[in-house]
Amino acid sequence: GSGSSSSSGTTAAAGTPKRGGNFRLAVTGGGAKDIMDGQSIITKPDQARLMTAFETLLVYDTNYILQPHLAEEVTQNKPDQWTIKLKKGIEFSNGKTLTSDDVVYSLQRILNPKLGLFGTSGFASLKPSGIKKLNSTTVQLNLSYADAGIGEQLGQYYNGIVPEGYAAFPAPQHGTGGYILKNFTPGQQSVHTRNPNYWQSGKPYFDQVTITDFADPDAQVNALQAGQADAMTDLPFSNVPVIKGHAGLSVLVSKTGGWLPLCMAIDLTPFTDNRVREAFRLMVDRPQMVQQVLSGYGTVANDLYSPFDPAYNHSLPQRVQDIEKAKSLLKQAGQDGMTVDLHTTNGAAGMVESANVFATQAQAAGVTINVHNDPNYYGDLYLKLAFSVDFWGTRNYLPQVANGSIPGAPYNETHWPPKSGPGSNFLDLYHQALTQVDEQKRIPIIHEMQALEYNYGGYIIPFFNDLVDAYSSKVAGFEPSKGTLNLTSFGNGYTTIWFT
Amino acid sequence: MHSGGIWGFILRRTLLGLLVLAVVSVLVFAATQALPGDPARAILGRSATPESLAALRAKLHLDQPVLQQYWNWVTGLLHGDLGNSLANQEPVSTYLKPLIINSGFLVLLSGIISIPLAIAIGVWAAVRRDKAFDVGSSLITLLLAALPEFVVGVVLVVLFATVVVQWLPAVTQVPPGGKPWDDLKGMILPVATLVIAVTPYVARIMRASMIEVLESDYVEMARLKGLRENTVILRHALPNALGPTFQVIAINLAYLAGGVIVVEYVFNFPGIGGALVGGVTNRDLPVVQALAMLVATVYVVLNLIADIATILVTPRMRTTL
Amino acid sequence: MTVQTTPSIVVEGLRIEVAGTGIDVVDDVNLAINPGEVVGLVGESGSGKTTVGLAMLGHARRGVEIVAGSVCIDGTDVLQLSEAERRPLRGRVVSYVPQDPAAALNPALRIGTQLREVLEAHEFGNNDGDRRDRVAEMMREVALPDDAGYLRRYPHELSGGQQQRVGLAMAFACRPRLIVLDEPTTGLDVTTQAHVLGTVRELAEAHQVAALYVSHDLAVVSTLAQRVAVLYAGRLVEVGDSAELFANAAHPYTRRLVGAIPRLAGSRELVGIPGRAPSPGSRPPGCAFAPRCRFAESACTAALPDLRALDAGHKVRCIRAETVLANPMPFAGEAEAIVPPRGEGILQVEELSAGYRGLTVLHQINLTLAPTECLALVGESGSGKTTLARSIAGLHRERVGRVLLDGTELAELARHRPREARRRLQYIFQNPYGSLNPRRTIDQIVRQPLEVFGIGGKEADQRVDEMLDRVSLSADYAGRYPDQLSGGERQRVAIARALVCQPDVLICDEVTSALDVSVQAAIVELLGALQRDLGLAMLFVTHNLPLVRSIAQRVAVMSDGRIVELGAVDQVLMDPSDDYTRRLLADTPSLEAVQS
Amino acid sequence: MSVVSDVAITPEPESVTSTRRSGSVLRDALSLWRTRIGLVLVVVLVAIASFGPYVAPHSPTAFVGPPFSSPSANARLGADYLGQDVLSRFLWGGRGILAMAALATAFGLVFGSLVGLLAAYSRNWLDDVLMRAMDVILAFPQIMLALVAIATVGPKAWLIVLAVGLTTLPRVARVTRGAAQPIVERDFVGAAEALGVPRYRILGRELLPNIMSPLMVELSLRLTYSIGLIAGLAFLGFATSTNGPNWGTMINQNRIAIQTEPWGVVLPVLAIALLTVGTGLVGDGISRAAAGIDRGRPSE
Ligand SMILES: Nc1ncnc2c1ncn2[C@@H]1O[C@H](COP(=O)(O)OP(=O)(O)OP(=O)(O)O)[C@@H](O)[C@H]1O
Ligand SMILES: Nc1ncnc2c1ncn2[C@@H]1O[C@H](COP(=O)(O)OP(=O)(O)OP(=O)(O)O)[C@@H](O)[C@H]1O
Ligand SMILES: [Mg+2]
Ligand SMILES: [Mg+2]
């Protein structure tokens, strides 16, 4: 159905928006490998940058419900066919009007395997040949098999709509978004100036957005406190009291479906044996995790992701710590008193901490965990490790599976599913689920998939962490959201926030 | 004959310096070769495919024999070509240039402030030997000299930027294309940290050497000749006391080049420090190599200058060269 | 000698203490110097000469302070003035020539600058022109070139003698009333020394400047000073005309000093003074010399005798002066007949040339040393004595030619020589302060050779004790460290170390030049005795000609790395055939001049 | 040649005129209040570092409350970034740093002085070669060399010790050489050579004892720097373990909350500061007592 074009309201308190100012955002996790691409990101600053210039056909609102954005509406007319209808009069920042050609180009670009883009795997059911332009504002997607997940894919922030012929930075970056890239130095800073002919009237409010990479949260917080930044991502949970106590600074806590899994590669020793995986899942004291890692800013999880998905399996029993059982399982597996390396990195707030807390909890079961904090984690080691920590944002079940739990998924840390034994049918179930248009029929399949991962999977998911960001009270328009990205999807592309 | 002596000396020293640099280059190259992990993969990261890896390796000459690679690298250096950063394909020179300027300015500023300050303190302490100033300053310098600079940095931030008062920015921001001197306020704390790190040591050396000179017969003689005290100190004592200090000053300036690494980390200062840490962790060999060579060269040049300066203030050495 | 009625400087009751402690460095010093008069201040090292000298300028070195007395220059008491008021006096009214010219000239400043700044500091002359002229004039007066080029030189580009003369020029620059010269010729060879002394005498007379000449070398003083004040343990013990003093000294100490001076004429034993001068703090009550004095009686130690006048201008601080005067001056008679060298050479040097970094400083030296003979090697500084000695001892790298021990050639470096050769040939260094390892006890030091030559246990202990005893060091020295010994004692240790392994040949390089006259005499005494008793062959290097008489049978005179004369001592010293030797003898200051 | 007086009246350490034996240097140093204070500081902190673990109320990794919770009966000085007991972690956190610093310094001192002595004694090509080699190492700032080393092998304790020790070596070597050169010129070395005393004995018995005082000064100075360096590396995140108790790491982990729960930073910063200041004071004391060593002696 159709919905309002504005995906987030403005808090009454903030009053009427005002124009002007340079919004300075402090982000960690960047580096020399920073990029700018309307359809891909490597680091967190990349997310912040992408949102300045690029928008998607659909967007998730603060309650994680899909809303039309560039598209007037997106409908699944047949199990294997979707139709996209564009809004009229939307222009790219270089003045070019948005047409179906751009949509076709964007989707084709996403499908191009050579580019190794984020979205590719989500569109497994779509072949380039299946993308049909009906008229200047309508595009039809003919799938090679039924897929109910396309809509959600079109709402993923990284599947931005780019102009025909688009290429990543250093090529010029022109999107439909609120800002135009002025300059960009990887690992340091990018500056974005207001897009004068943005399609949402009156928006955006800032004259300029400056995104600065920070080496560590400490410097970030210092900058915020010293008034050198207007907002920062991933405020260390431990710092919330500090900022809250600090006049002129506010904390934005968003209960999201974000999660920091401990990833066991099911095909690498010692985790080839599910008894070991089971034991490890039982060693975790999840409430303590929430307490120590998140300072309570999170909710206990049950080794499953996508909590907001209507199809989330609430019937599975909540796992609790059981050291004795864990011990006996390890004994059976002949792994009692084992030692394992756990790799992590300062990728997202809490990644190192949860590794350390887990290490301490594991001691109780006589397991020694050597935590390696490797800054080059995502460069060299990622996806090749037996035991590692990673971070994910809110996403519904099927899109997430597409991203991380099937062969060919770009970020399959656990190397799920197994070739044989329980779980080996996971892929079939996935395809069944996709082809199943009827929601009621789809849910049982998904529940079965979740049960498999719950019992045999490689993920330990102790909690869903809240996204905690901090910003100067000079900035208005932020409000909590269940969405993936920080700062309410970076102020929905810096168009829904302003300086009071 | 004297000047000839000097030139000969300078020549010898320069050659020695070059020799040192040559050896350094070999070491640097060897060390960076020893860095584990495949740079090609490090670059491609998530999106690595066997083909793209192979292609990139070839592009980076990683497939060539080590000696060949070393030769390419050195010849590159001599032509001012530092190769391309593995992390972001741009030339190392363009990537490092702004950072070097930033760090350079930081070091320079710290040097310009700390060295004269140190000399002044040292001289005055020696002149007022065992008086209040001497005792006080020598104690303070002693305490400060002992403190690691990251401790100093953290304390300064706490005092002046966050907890106690918030007069100064806690982090230094140099927008790309911007110059560090645009935001001098942001330079205060990093510079202060480095100054505190360097001044005490130099001051103590200066004091010691000045005292040694003040005790010498010729200073006593100068007094017995009825010269005014400031003539005695400025004309007779100071020049002789400076000589031995130059080496120390040089070493400390070179040390600054290392000190920045930590300080830049504390203040999130965009300089070679961050680049080095990043380069090391990203296996960005060209960057690490370039920085190592840069710092080594700075060291060698500074020492050369110090040697020459020492010669200039010590006539005796000119002839006994 | 003209004694003027109005002395230009009068020192009274001067007392100087080690700061803070009540320990006196010098006390009760009274002196008067007339214009144009040169007064000698003589005393052993540590007696307080420099301290007194500096007090003339109202200056006390770091750690000592002037606590009492007055120093009146033309009526104004320097000590009463504030530091600020003294400054204009220094260099203008009273000036100072330091002990060590090399150290006293600023290495970083051209000598011209250093000369000119004195004049500038005291606004001497109306303009730079005057001052430039004055500097040139001074340079001429001290017989140095006055051209701009020379003035642009740095101190290190001058020889020791030249540096000292620059010092003099500086001192005389503002035509002061009083000038204090602190051993200005120590370290200079006799020839240069003679020049400097000459200059001083002339200038003092020409400008009617009063001069206080500080020295530990009586012979030198005797050639220069009209009156002499003898300082012992910080107190004046005798003051009088030099001739009078040397002819019949009234104080036992003065007598022993005179006796300790080697003479050119008449070969004779040297008699050193037993014991050592007490240092500040450890000075005995009563007469400080009493413990070393053979005239001493109980009264001497009871109370400090005061300085009383014997006759006009002759004062002495001794209650037994009359008795002393009754005795003849201790000029011991002929030494026992010198043992004639027997057998042929034990040590031969053939065609030996040596140098430093290519620059040759020794040219084809030929020498033969017979067993039990003592051959003296004399020559002024820089003539190559040490180089030769070191080459023989195997401590010098760059050499050609042969050194043979009992006919067998020796390797260049001691390390490559056979153990036996190393044992038989021993070397004693010029400076006892450098040749003993400050971190090892006397026992360890003396024992070292024995260890090297594999002698240990009982025998070693016994030999060490024996040796220490021979050099008359009591057993309790064994446990001490060198810095707890006096220069003389150190040199004794060095001798003990050399002799403990019973060598046949001993090479001594200026073993006494670092020591006071009295100590020097004692050491020479000892060496002579040992050489005779142990039947050593000895090569005795020195630049002190008179000393040769007291110890050697033959003497070789060296000049510019060549041996210019070689013969029996009497023959060489009495009628030298080489005129370099003659000049050397002429320049050598000696007491004879005064006495006859 | 002038003659020094035999007495050594020492109104002030720096004007000592006679050679000091290392023993007496230490004694003199101890008579200086700064040395005493320094020694007290060092002793106290070494005690804390080495015995702390035995008196620590909790395991350094035990959770005693929410992160950065304020001091309570259970956690006297509050909890750290993970809710671990700050006090316990502080008590545990000195050992590693201290041990590594000590080892590194020892390494640098032993080999540094060896190189220095060799260079000074062999007044020939060997001298040049050795010193140039030192120059090469010196050309890198200590921290840089350590960083590269750690990057190659990872933050292993032995590697950190080695890297820090290696960067200490040339600095010690220089000082040793400088101190030994005048000694080598002294006659007693010549005397030993004339006797044919073997080289190693000359190095060990004639030279080494005479440079003890500068070496002792160097020892404390280098220890000071090693502590700072190792703590600094930990501060940069290069510690042997990510959550192991370590003063350097503590600062980094807890400085984020310095405003609300300062103990987690203040304690380690204080500890490191006092320790380095302590070693510094001792070093200064020794150098003052040893000052004037080999001065005032006639140079021939
Ligand atoms: N700064 C000082 N502190 C303590 N004692 C001192 C100091 N200077 C000199 N003395 C002592 O005062 C005494 C006299 O010293 P002074 O230098 O005047 O003797 P000197 O006769 O000049 O000796 P020399 O012939 O070696 O020059 C010596 O015993 C010396 O130890
Ligand atoms: N280490 C050296 N390097 C270069 N030249 C030297 C060195 N030592 C001595 N000479 C030169 O060799 C010559 C002889 O020196 P040597 O020390 O043998 O003279 P000497 O007779 O012992 O003098 P002195 O009486 O002062 O001891 C001198 O011209 C001296 O300048
Ligand atoms: Mg004197
Ligand atoms: Mg000599």
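Below, read A as the first sequence line, B as the second, and so on, with proteins coming before strands; counting in each chain starts at 1. Given the structure is predicted, the values throughout are model-derived calculations rather than measurements.
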Query - Under 4.5 Å from a heavy atom of chain D, the part of A:V357 involved - result: both
Report summary line: The salt bridge (Lys or Arg N to Asp or Glu O under 4.0 Å) partners of A:D230 (sequence neighbours excluded) come to A:R24, A:K474
Query raised in the report: So A:F358 and A:F387, would you call those rings parallel, tilted or perpendicular, with 30° and 60° as cut-offs?
Result: perpendicular
Report summary line: With sequence neighbours left out, the residues meeting ring-ring contact (aromatic ring centres under 6.0 Å, His included) with D:F107 are D:F111
Query raised in the report: Highest number of heavy-atom pairs under 4.5 Å with chain A: which of D:G83, D:P67, D:A79?
Result: D:P67
Query - 4.5 Å side-chain heavy-atom contact, A:F280 and A:I369 - result: yes
**Report entry** Side chain, backbone, both or neither of A:P217 within contact of chain D (heavy atoms, under 4.5 Å)
**Finding:** both
Report task. Mind running side-chain contact (heavy atoms from CB on, under 4.5 Å) on A:L25 and A:L487 for me, showing each step along the way? Result -> CA-CA 10 Å; A:L25 176 64; A:L487 289 160; 3.4 Å; yes
May I have a table of the donor-acceptor pairs connecting chain A and chain D at distances under 3.5 Å?
from: A:D216; atom 1: OD2; to: D:R255; atom 2: NH2; distance (Å): 2.8
from: A:D218; atom 1: OD2; to: D:R255; atom 2: NE; distance (Å): 2.4
from: A:D218; atom 1: OD2; to: D:R255; atom 2: NH1; distance (Å): 3.0
from: A:D218; atom 1: OD2; to: D:R255; atom 2: NH2; distance (Å): 3.4
from: A:Q225; atom 1: OE1; to: D:Q259; atom 2: NE2; distance (Å): 2.8
from: A:Q225; atom 1: NE2; to: D:Q259; atom 2: OE1; distance (Å): 3.4
from: A:N239; atom 1: ND2; to: D:I256; atom 2: O; distance (Å): 3.3
from: A:Q292; atom 1: NE2; to: D:G65; atom 2: O; distance (Å): 2.9
from: A:Q292; atom 1: NE2; to: D:L82; atom 2: O; distance (Å): 2.5
from: A:N356; atom 1: OD1; to: D:T242; atom 2: OG1; distance (Å): 2.9
from: A:N356; atom 1: ND2; to: D:Y81; atom 2: OH; distance (Å): 3.2

Report summary line: Contacts satisfying salt bridge (charged side-chain N to carboxylate O under 4.0 Å, His left out) that involve residues 225-241 of chain D (not counting sequence neighbours) are none
Requested in this report: Report the C-alpha separation of D:L98 and D:M100 in whole Å, then their side-chain angles, then the decisive distance to 0.1 Å, and conclude whether the side-chain contact (heavy atoms from CB on, under 4.5 Å) test is met.
Outcome: CA-CA 5 Å; D:L98 222 61; D:M100 291 204 286; over 6 Å; no
